[in-house]
*Asks:* 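Please read through the structure below; I'll follow up with questions.
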Amino acid sequence: MGNMNQLIAVRREKLTKLQDLGIDPYPGHSERTHKIIQLTENQDEFVAEQKVVTVAGRLNAMRRQGKVGFGNLSDDTGKIQLFVRKDKVGEENFEIFKLLDLGDFVQITGECFITQRGEYSIRASQVTILGKSLRTIPVVKEKIVDGKKMRYDEFSDIELRYRKRYLDLLLNPEIKSNFEIRAKMIREMRNYLDNNGFLEVETPILQPLYGGANARPFITHHNTLDMPLYLRIATELYLKRLMVGGFERIYEIGKNFRNEGMDKTHNPEFTAVEIYQAYTNLDGMMDLTENVIHHMAMTVLGEETINFQGTDISLAKPWRRASMTELIKEQTGFDASDFDLEKIRAFCVEKNVEVDENAGPGKLITELFDTFVEPKLIQPTFVTDYPKEVSPLAKGKPGEPNLVERFELFIVGNEYGNAFTELNDAIDQRARLEAQSKLREMGDVEANVVDEDFLEALEYGMPPTGGLGIGIDRLVMLFTNNTSIKEVILFPTMKPE
RNA sequence: GGGCUAGUAACUCAGUGGUAGAGUAUCUGCCUUUUAAGCAGAGAGUCGAUGGUUCGAAUCCAUCCUGGCUCACCA
């Protein structure tokens, strides 16, 4: 018999013994009167009046000592020590106590008191099992040394942590707190938008055509309709249809799916918000971006400076705004603002930046930007004046044939947001999508497809609109000081073992 | 996809060619104020998988699987 099976067998034997005692190891309810935090908050009072309470939680430490025993019980608010004496709880309850394992859900009734060693505890008068655990949960021990918490045998194997996230959450409290921060961030994002007149909407995840970004999709099949459906790569085109429909301020928070590579900042499914606002310009969208993220920092973290991997990131408004070619010039001394293809290509070759034969000047400029500028943008920076060539859904910049009204937000060398003045000229939009389609025929698998239904909607008329997308996972990484997206997604995509 | 690196007990890890190890957890015994409780003893392993070299492989070689870091790609 394997060891694991042996450990399980021991627990199943205990389960049977409990049942033989007439005890239901999985009762349907509990008589909990207090959550643990209520005990700690009222410690002096409860100890003084020897308050009798009933608490429930998971048993995560046990120190047995003959006819007496100590244990630690945790619920989602805290931890309290149990003290069980045979002569206090009686034969039968002590028998139950002896059959408990680490990881079991237990209910304890007893009075609050302070032990001889000074630890706040419950002196049990009744022990009830609420849920028997059949597997050994790894034990992490802690000790306070010189005021610092030392941890022993930490559950630290990264692969195991992701695959068995429930154990990670159970054993690594800071992980749980990351996800609490994540939830608060999304709540505060909603609060801000709701309080500023934005309506939250839901659009299809299963789409007959995909669009709104350059990416390869996941494809599935609808049996009844006998047709392919695509998991959305962006919410953009449906939200714009809603702008045609008369909404002036809308947003959607949800998962997008991109069938692409995975790395520290990319997971195949990720969470984004897209926000659309009518009758505003790009400056308005930059203000909105600053305001939303600043609000999240102030309400969730309580400060506008975030220490990320040793660097202080200041979210104090306003954030730097600079054009793409300006930033390239700043980093390299090279001026690409004239979009002179030969000149730019020569510079790329000189700098060993790989160039695609078919690439136009706009594409090369973004290559230069990605290589020389992006990693340098540590403090929040709005990069403006994107090449039209790489922005098929953004409105052209007046008087600048090569540029569109678009910005991306960069912090700590990563992209956090992308926004445009949305293209509401249906004829221009058709031409741009058809150009994308040509790229597609030439083998660009990430080029946009022509969505006739979307173009038809645009033909009915869309107001001048600013659109903004923000990657929420990356923002959570920033707020929780994590360098891997897997740390902020509860169940990151993994290959099966 | 390339380079580097890791996979040994439930957890954390030692172990550079000669009988598979430690701490924790588990089990047994002792213990009525412990807190990384303690003391004594015991059980527990397909050493990621497959093939090879060798008298002999956790260890050397090859291939593969699953992670991590990094570069490339992508956005």
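This structure is a prediction, so every number in the text was calculated from the model and none was measured. A note on names: the letters A, B, ... follow the listed sequences, proteins ahead of strands, and every chain is numbered from 1.
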*Asks:* Taking any strand in view, what nucleotide pairs with B:rU34 in a Watson-Crick or G-U wobble way, both distances under 3.5 Å?
*Replies:* none

*Asks:* Enumerate the residues from residues 85-99 of chain A whose closest heavy atom to RNA chain B is under 4.0 Å, giving them by residue number; use none for an empty result.
*Replies:*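 Within residues 85-99 of chain A, the residues near RNA chain B are A:Arg85, A:Asp87.
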
*Asks:* Give a yes or no on whether a salt bridge exists between A:Arg151 and A:Glu174, defined as a side-chain N under 4.0 angstrom from a carboxylate O.
*Replies:* yes

*Asks:* Going by modelled atom types, is there a donor-acceptor pair between the base of B:rG23 and the side chain of A:Asp153 at under 3.5 Å?
*Replies:* yes

*Asks:* Does B:rA20 have a Watson-Crick or wobble partner in any strand here, with both distances under 3.5 angstrom, and which is it?
*Replies:*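 Base partner found: none.
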
*Asks:* Do the ring centers of A:Phe410 and A:Phe369 come within less than 6.0 Å of each other?
*Replies:* yes

*Asks:* Return the nucleotide paired to B:rC39: Watson-Crick means purine N1 to pyrimidine N3 with N6-O4 or O6-N4, wobble means G-U with N1-O2 and O6-N3, both under 3.5 Å.
*Replies:*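 The answer is B:rG29, by the H-bond criterion.
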
*Asks:* For the residue pair A:Phe407 and A:Phe382, categorise the inter-ring angle as parallel (less than 30°), tilted (30 to 60°) or perpendicular (more than 60°).
*Replies:* perpendicular

*Asks:* Polar pairs (N or O, both sides) under 3.5 Å between protein and nucleotides 72-75 of chain B?
*Replies:*
residue : atom : partner  : partner atom : Å
B:rC74  : O3'  : A:Glu446 : OE1          : 2.4
B:rC74  : O2'  : A:Glu446 : OE1          : 3.4
B:rC74  : O2'  : A:Glu446 : OE2          : 3.0
B:rA75  : OP1  : A:Glu446 : OE1          : 2.4
B:rA75  : O5'  : A:Glu446 : OE1          : 3.4
B:rA75  : N6   : A:Asp370 : OD2          : 3.1
B:rA75  : N1   : A:Glu374 : OE1          : 3.3
B:rA75  : N1   : A:Glu374 : OE2          : 3.2

*Asks:* If we call it a pair only when both distances are under 3.5 Å in a Watson-Crick or G-U wobble match, what pairs with B:rC64?
*Replies:* B:rG48

*Asks:* Under 4.0 Å between a side-chain N/O of A:Lys149 and OP1 or OP2 of B:rA36, yes or no?
*Replies:* no

*Asks:* Tell me whether the OP1 or OP2 atom of B:rU70 has a side-chain N or O from A:Lys264 closer than 4.0 Å.
*Replies:*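 For B:rU70, OP1/OP2 do have a side-chain N/O of A:Lys264 under 4.0 Å.
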
